Structures are given as structure tokens and as C-alpha cells.
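Note sheet for the following structure.
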Amino acid sequence: MSFSSEIKKELSCQLPSARHCRLAEISAILNFCTHVEEGTEGGRSVRMHTENLAVARKYFTLLRKTFNIDMNVSVRQNRNPRGSRSFEVTSYAGLEAARHALIQNPCCRRSYIRGAFLASGSISDPEKGYHFEIVCSEASRAEQLLEMLGSFGVEAKITLRKNSYILYVKEGSQIADILNVMEAHVGLMKFENIRILKEMRNSVNRQVNCETANLNKTVSAAVKQIEDIQYIQKTIGFEQLPENLAEIARLRLEQPGMSLKELGELLTPKVGKSGVNHRLRKLSFIAEELRDHKEERIL
């Protein structure tokens, strides 16, 4: 079962106790996942179609508890490689009042957002990435949802995909807030656990990469230092150097893998890291001057 299906299954088990909240959730499902059909004898029916059994069950329960109306439920085997099923719930009573229910209270906004997600939403597996979206057939519905989510501090965006308006959120913390708004508390805990582990892994990877980069930088510097010292030894010898530079030059050749701090501990008297670095830079400067003079003589 996908993470999105897990969230919908959890939400399908929640039934608001207040009638106005049930109306708000029914209104969302009617707006996002139903169509009205004219009967042969002038009657009208409202059909809700979904491939998610939990959503069909939730819609059926909401209508039965709120209006106590008769409904027909049908199941169809889809002709696709996965062989999934689709479910259709048909009611014959007028539901226009529910479709246009006023959504004013925060509790009703929560229910409406929950119903919209059940009817037309999806959320990606947090192990792979962060993406929450609800597909809207009209711009006005997307704008309404945008405003509702904004009242809970969630900053969603809207984009046009083919002929649909997609309300989406890609920020992990914002998606966690949406799950909390919809009262998907079990899914929220799972989402946050995965998010924390991912952030820890990313933090460790960044630290390892930083330490690796520093190590490579240190190794490269040591290799350059040894090349410069060997060039000085080959051209003029250490006897031409001041004693403090000759001492650090010999020590660096003897201990090519030591850090600057460790090299300083072996000097007499001991020298700090910055002092060792200063002496090695002087040696590099001398080596560069020797190379420049050699080129001048050649020319």
C-alpha cells in the first residue's frame, strides 16, 4: 500500500461528530469527485467514482449518517495490467445544499480539506521526496483551497497541468502541517519519523563530505610542501637555509603524513600550528624563487 493510500485509509475511519463538519466533508467530495446525471424520467442522480475503497466507504458512511438516504454501490474490475477495481456510489436524493455548504469554522475547513484530499489528492512517499497535491477542475476551487490552507499557516501554490489546476506543496514541514490539519495523526508520526531520519542522514553526509574535502585539501598541501622542500634540497641544500626553516624541512620529509599541529609538537622548542604553517609557506616561497631564477638563466 502506498503512503498516500495509507493516509486516505486513516482519514476514511474518521467521522466528524458535528453535522456541519460532516456537511463540509461531503461538500468537498461532491465538488471534487462526483458528477450529476439526468435520469430518463427527469430524475437526477449524483455519482461518485473512485479507485480507492476507503474513499468510497467514507463517502457512503457520511451520506448515510448525515442524510440517511438510499444509495447504490457498484464495483468494476478495471481493464489494466494491475487489474485494480473502481467503485461507484450513486445517490438519487438532491445534494445541492451539501455541495454549497458554508465553510466558516476552522473545524469545517479541516473537514473540507480532508474531503478534498480523499476525493482528488495524493502525497508522495516521504522516503523518495516531498510532494502533496490536490487536483482541481476549476481555478476557483483551487483558490478556495489555497485560502483555507493559508488560514492554517500552510503556503501552497497552484499550477496548471493540462486542463486541471493543481494545488501543491513541496516543503516537508508544510506537508507535516497539512497532515496535522487533516488530523491524520498516525500518518503524521510516520512522516515525521522518516523526515527526521532523512535529515540526520543528510547531516551526516554533509559532515563526511566536509571532512573529506578538508582531508583532501590537507593532503594536497602536504604533497606541495614536500615537492618544494625536495626542490630546495636538490638545488641549494638545507645548509643554505636558516636553522628554523632547515629544521621544519627535514621534519616534513621524515613525517609526510603529520598534521601541522603534530609537526609543531616535535620541534625544539615547540611551535604552534600557525608558526609551522608560516615556516612552510616561507619554504614554498623560496622554492618558487629558485624555479623563477632557473627559468631566467635558461632564457
Side-chain angles (χ1 to χ4, degrees), residues 1-16 21 24-25 28-29 32-33 50-58 82 84 103 105-136 141-161 164-215:
M1 182 183 295
S2 68
F3 185 73
S4 191
S5 296
E6 288 180 20
I7 299 297
K8 290 189 176 185
K9 184 177 180 181
E10 179 186 353
L11 295 178
S12 71
C13 298
Q14 299 179 14
L15 188 67
C21 289
E25 195 161 345
I29 297 175
F32 285 86
C33 195
T50 179
E51 293 186 356
N52 192 306
L53 175 59
V55 176
R57 184 185 294 120
K58 178 66 177 290
R82 295 186 303 170
S84 60
I103 315 298
N105 300 326
C107 57
C108 293
R109 291 197 294 271
R110 290 178 184 272
S111 295
Y112 190 91
I113 293 168
R114 181 167 56 241
F117 174 74
L118 283 169
S120 192
S122 64
I123 181 171
S124 63
D125 184 347
E127 288 279 10
K128 300 177 181 178
Y130 302 132
H131 185 85
F132 173 96
E133 71 173 42
I134 295 177
V135 181
C136 310
R141 289 176 183 168
E143 293 290 346
Q144 183 186 29
L145 270 178
L146 185 75
E147 185 177 344
M148 287 186 183
L149 286 169
S151 70
F152 293 104
V154 176
E155 297 179 2
K157 296 181 180 179
I158 298 172
T159 188
L160 185 62
R161 183 191 300 160
S164 299
Y165 295 87
I166 313 298
L167 178 138
Y168 69 94
V169 176
K170 288 182 173 292
E171 177 65 37
S173 60
Q174 295 275 290
I175 295 175
D177 290 341
I178 295 174
L179 292 174
N180 187 49
V181 167
M182 296 191 301
E183 299 179 313
H185 301 306
V186 175
L188 173 60
M189 289 180 63
K190 181 176 180 179
F191 182 88
E192 287 289 57
N193 285 338
I194 293 173
R195 195 160 73 98
I196 290 170
L197 287 174
K198 284 180 67 176
E199 289 180 356
M200 287 179 62
R201 285 198 296 266
N202 291 337
S203 177
V204 169
N205 287 337
R206 283 194 297 270
Q207 186 174 353
V208 169
N209 291 338
C210 182
E211 290 176 352
T212 301
N214 289 336
L215 180 60

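Starting from 1, each residue takes its place in the sequence as its number. Nothing here was measured: the structure is a model prediction, and the numbers come from that model.
Between Asn209 atom CG and Asn214 atom CG the span is 11.0 Å, to the nearest 0.5 Å. Rounding to the nearest 0.5 Å places CD1 of Ile178 at 11.0 Å from CZ of Phe152. Between Phe132 atom CZ and Met182 atom CE the span is 4.5 Å, to the nearest 0.5 Å. Between atom CG of residue Asn180 and atom CD of residue Glu192 there is a gap of 9.5 Å, rounded to the nearest 0.5 Å. Annotation: the span from Leu146 atom CG to Tyr165 atom OH amounts to 14.0 Å, rounded to 0.5 Å. Rounded to the nearest 0.5 angstrom, Asn193 CG and Arg195 CZ are separated by 11.0 Å.
Ring-plane geometry between Phe191 and Tyr130 is classed as tilted, the angle between the planes lying from 30 to 60 degrees on a 0 to 90 degree scale.
In this structure a side-chain-to-backbone donor-acceptor pair under 3.5 Å is missing from Lys8 to Ser122. Remark: side-chain polar atoms of Ser203 are not paired, donor with acceptor, to backbone N or O of Glu199 under 3.5 angstrom. A distance-only check finds no donor-acceptor pair linking the side chain of Lys190 to the backbone of Phe3 [under 3.5 Å]. With hydrogens and angles disregarded, a donor-acceptor distance shorter than 3.5 Å links the side chain of Lys58 to the backbone of Gln14. Side-chain atoms of Thr50 never come within 3.5 Å of backbone atoms of Ala56 as a donor-acceptor pair (strictly under, hydrogens ignored).
Minimum heavy-atom separation, Leu118 to Ser12: CD2-N, 4.5 Å. Here the closest non-hydrogen pair linking Ser4 and Phe117 is OG-CZ, 4.1 Å. In this structure, Cys136 and Leu145 approach most closely via the heavy-atom pair SG-CD1, 4.1 Å. Summarising the geometry of Cys21 relative to Cys107, their closest heavy-atom pair is SG-SG, 3.5 Å, with the distance given to 0.1 Å. Between Ile29 and Gly115, the shortest heavy-atom distance links the atoms CG1-O, 3.7 Å. The two atoms that bring Val186 and Glu10 nearest to each other are N-OE2, 2.9 Å, heavy atoms only.
By the 4.0 Å N-to-carboxylate-O rule, Arg161 lies close enough to Glu133 to be salt-bridged with it. Ion pairing between Lys9 and Glu6 fails under the 4.0 Å rule for side-chain N and carboxylate O.
Applying the salt bridge (charged side-chain N to carboxylate O under 4.0 Å, His left out) rule to pairs touching residues 165-186 yields Arg114-Glu183, sequence neighbours excluded.
Other residues, nucleotides and ligands place no more than 12 heavy atoms under 6.0 Å from the CD atom of Glu155.
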Exercise. Can you list the steps and then say if Phe32 with Val135 is a side chain to side chain contact (heavy atoms under 4.5 Å, CB included)?
Worked result: CA-CA 8 Å; Phe32 285 86; Val135 181; over 6 Å; no

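Taking Glu127 as the reference, Arg201 meet the salt bridge (charged side-chain N to carboxylate O under 4.0 Å, His left out) condition, with sequence neighbours excluded.
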